[in-house]
Number of protein chains: 2
Amino acid sequence: MANITDVARVAGVSISTVSYALSGKRPIAEATKTRIAEAVHELGYRPNAGARMLAGSRTNILALTAPMHEDTHPPALMAFVLAVVTAARSFDYDVLLLTEGEATTGLRRVASSSLVDGIVMLDVTTDDERTAVVRELGLPSVLIGIPGDTEGLTCVDLDFEAAARLSLARLVELGHTSVGLMGHAEQLYGRGSNYAPRFRDSFLEAGGESGIATAFHTTEATREGVEASLDGLRAQLPDMTAVVLNCNENIHGILLEVLREREVAVPAALSIVSACSSFSTEHFLPPIDVIPLPAQSSGQRAVELVVQQLAGFVDPHVELIAPTYQRKQSTAPPAAAAL
Amino acid sequence: MANITDVARVAGVSISTVSYALSGKRPIAEATKTRIAEAVHELGYRPNAGARMLAGSRTNILALTAPMHEDTHPPALMAFVLAVVTAARSFDYDVLLLTEGEATTGLRRVASSSLVDGIVMLDVTTDDERTAVVRELGLPSVLIGIPGDTEGLTCVDLDFEAAARLSLARLVELGHTSVGLMGHAEQLYGRGSNYAPRFRDSFLEAGGESGIATAFHTTEATREGVEASLDGLRAQLPDMTAVVLNCNENIHGILLEVLREREVAVPAALSIVSACSSFSTEHFLPPIDVIPLPAQSSGQRAVELVVQQLAGFVDPHVELIAPTYQRKQSTAPPAAAAL
DNA sequence: CTGAAAGCGCTTACAG
DNA sequence: CTGAAAGCGCTTACAG
């Protein structure tokens, strides 16, 4: 494999000139630049990654830690992973993938061997053990998700509070006055990821503010769980005409099936909004209105923030991404209003 | 960050001794080894990755190319990615993740800059453009999946032919004599991934050999598609008592729903086997018998083969992984036999 | 606008 | 069993 010396010889210049021509870090005569470019092309030259890391003390590699929890939805994780990789490449960074088995040890390892320039953390939980490592390493790092203690950390996440309000606002606009929230499984509201309680609390709060009757129920991803949740909400809200789902994907299909059996028409008798979902709600019958979990923009923004940290100092902060509402066919004015 | 010179000084030895002690490439006196280990621990020393790559001309990094096609099932891809990463780590390799946008350019880039020691390719299609690159690069590489032309390539995949036979054998054992195959969407049987036709052909062949009536129908992942497929099979097999699914995950749920509406009991009136599925069939009602797509063992084996190639010459070859059958609650003797 | 040279931190023959 | 030293292929002050 050709090296920089070969290129220099063919182009008739010194290796430093080749290096500078390639990095653009100092002005090079047009003619020289051309000869170097030709030599590079002719020899199929690519700078050796290891030599570059060693001499330049930067690797152009980002670590991406993507653990799988029990409640991790694989397609969601995949969407975030792809988003981060794509964004990283656009800044000329490669991505080293670290998984659960190596949550903290892996981070320590790649950081202290100077294998990576920065870190992007996925699927952050409230008391994530990785946050301590990231603080300790002092490497440019961005979390996608918000841990309990954000002190000294830079985080990116969907604005779950705004998403909760948006889901409700949309239904209120249509005339609904009694809206239930089918939540995740109970365990998610204890420790673990904090987006679930964030959503729930804002939802209930927004209901209070707008004078809407609201109720919340956890939901297990089984038929029984869905029925229990639905019945629980109806018990609290006898006139419920709409339900917001902030829950597991599987629950969506089960709910639609239960409603079909009970001959509850969607959206005629019950409107449905899926909030903060990473999956397509297009194939459901009917397609469900959705406030998507913005994998692409989260990944993009996270990488941007790492790159900015690499370029200079950035104050640790939390960035919330504004939710968007996608209208499909699962919402309508409440039946009572329609009569 | 401490370097090898620091360690050598603290341990009172030369840097070459430190290096050899760490790599184990030559015998070191027990006492010396201990002092070095202490120094390493005391200083929190980790060899610099770039320096190691440059001096050792190996990176301990594997490239993993994981493109997303239209018909890629994200959870499946995720399962393979995790399996490869986990296996790689067990051999002390890290994994650099390459995605679609960089299918061939990315491989060329990381290979010619000596960023990676080997390549694992996921989701290989019949006429995969990456195979040409892999052949040209001459880097240790293993494909998970089988392209049209395997010349010079090492491939690992589930034995789809055996899986097809196994699914049918199980049903025959139960007494079924008329079994339909609900396949993937039509486009998958043209170009693209070749596992679908491999499964179909073996299924039909096995049916012929065992004197069982079989039929095949492509299936679109919509309600209409599923009904069309089911009705199509029934038209060909009026006495059909079992169906093998080698198709999209979404089709499973839709099929169960259609059957429920039509009051076809599973497994009493119709047995179902899901073949080569990467997802859990546990949560369906009833849980569906499955021949899983072995993500874990495929990833494990692929990495092993790359590592073997790294260690010495390995003849390019195709390795098929034997299918396993997991009994759940979706199969039973045919109703006619039960009567 | 360009070059000669030091140095990044390792690995690995070469020597003893 | 251990050390001195070359060398991997770059980047980047230092000089002109």
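Chain identifiers are assigned alphabetically (A, B, ...) following the order of the sequence lines, protein sequences preceding nucleic acid strands; residue numbering begins at 1 within each chain.
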- Task: Would you mind checking if Arg35(A) and Glu38(A) are paired as a salt bridge, meaning a charged N to carboxylate O distance below 4.0 Å?
- Result: no
- Message: Whether the Gln300(A) and Glu304(A) side chains hold a donor-acceptor pair (N or O, under 3.5 Å, no angle test) is what I'd like checked.
- Response: yes
- Message: Any strand counts, and the cut-off is 3.5 Å on both contacts for Watson-Crick or G-U wobble. Which nucleotide pairs with dT2(D)?
- Response: dA15(C)
- Item | Closest to side chain of Ser14(B), choosing from dG3(C), dG3(D), dC10(D) | dG3(D)
- Whole-Å distance, Lys33(B) NZ to dC1(D) P, equals 8 Å
- Item | d(CZ, Arg35(B); C1', dT2(D)) in whole Å | 11 Å
- Message: Taking the basic N atoms (NZ, or NE/NH1/NH2) and the acidic carboxylate oxygens, is any pair closer than 4.0 Å for Glu151(A) and Arg135(A)?
- Response: no
- Query: Out of dA5(D), dT11(D), dT2(C), which nucleotide sits closest to the side chain of Ile4(A)?
  - Reply: dT11(D)
- Roughly how many Å is it from CD1 in Ile36(B) to P in dC1(D), rounded to a whole number? 13 Å
- Message: Is it the case that dG3(C) (base atoms only) and Arg26(A) (side chain only) share a donor and an acceptor within less than 3.5 Å, ignoring hydrogens and angles?
- Response: yes
- Message: Base, sugar-phosphate or nothing for Ser57(A)? Non-hydrogen atoms, less than 4.0 Å.
- Response: nothing
- Scan Thr32(A) against the nucleic acid and name what it touches under 4.0 Å (heavy atoms): base, sugar-phosphate only, or nothing. sugar-phosphate
- Task: Grab the two heavy atoms, one from Leu62(B) and one from Val116(B), that are nearest each other, plus how far apart they are.
- Result: C-CG1, 4.1 Å
- Determine yes or no for a side-chain-to-main-chain donor-acceptor pair under 3.5 angstrom, with Ser19(B) supplying the side chain and Ser16(B) the backbone. no
- Message: From CG of Asn3(A) over to P of dC10(D), roughly how many Å is that when rounded to an integer?
- Response: 5 Å
- Task: Go through the N and O atoms of the side chain of Ser16(A) and the base of dG3(C), and report whether any donor-acceptor pair is under 3.5 Å.
- Result: yes
- Query: Where the side chain of Leu54(B) is concerned, which of dC1(C), dC8(D), dA5(C) is the nearest nucleotide?
  - Reply: dC8(D)
- Item | d(CG, Asp6(B); P, dC10(C)) in whole Å | 9 Å
- Taking the side chain of Asn48(B) as heavy atoms from C-beta outward, which of dC1(D), dC10(D), dC10(C) is closest to it? dC10(C)
- Between dC1(C), dC10(D), dG9(D), spot the one nearest the side chain of Pro47(A), thanks. dC10(D)
- Taking every heavy atom of Val84(A) against every heavy atom of Gly299(A), the minimum-distance pair comes out as CG2-CA, 3.9 Å
- Message: Tell me whether the side-chain N/O atoms of Arg52(B) come closer than 4.0 Å to OP1 or OP2 in dG9(C).
- Response: no
- Message: Taking the nucleotide of DNA chain D with the nearest heavy atom to each, does Lys25(A) or Thr17(B) sit closer to the 5' end?
- Response: Thr17(B)
- State which of dC8(C), dT11(D), dT2(D) makes the closest approach to the side chain of Ser19(A). dT11(D)
- Message: Nearest whole Å is fine: how far is dG3(D) C1' from Arg9(B) CZ?
- Response: 17 Å
- Query: Quick one: is dC10(D) close enough that its OP1 or OP2 comes under 4.0 Å of any side-chain N or O from Tyr20(A)?
  - Reply: no
- Query: Looking at the side chain of Ala55(A), which of dT11(C), dT11(D), dG9(C) is the nearest nucleotide?
  - Reply: dT11(D)
- Task: Nearest whole angstrom, please: distance from the C1' of dG9(D) to the CG of Leu43(A).
- Result: 15 Å
- Query: Taking atom P of dC10(C) as reference, at what distance in whole Å does atom CG of Leu22(B) sit?
  - Reply: 9 Å
- Hey, which sits more toward the 5' end of DNA chain C by its nearest nucleotide, Glu30(A) or Ile15(A)? Glu30(A)
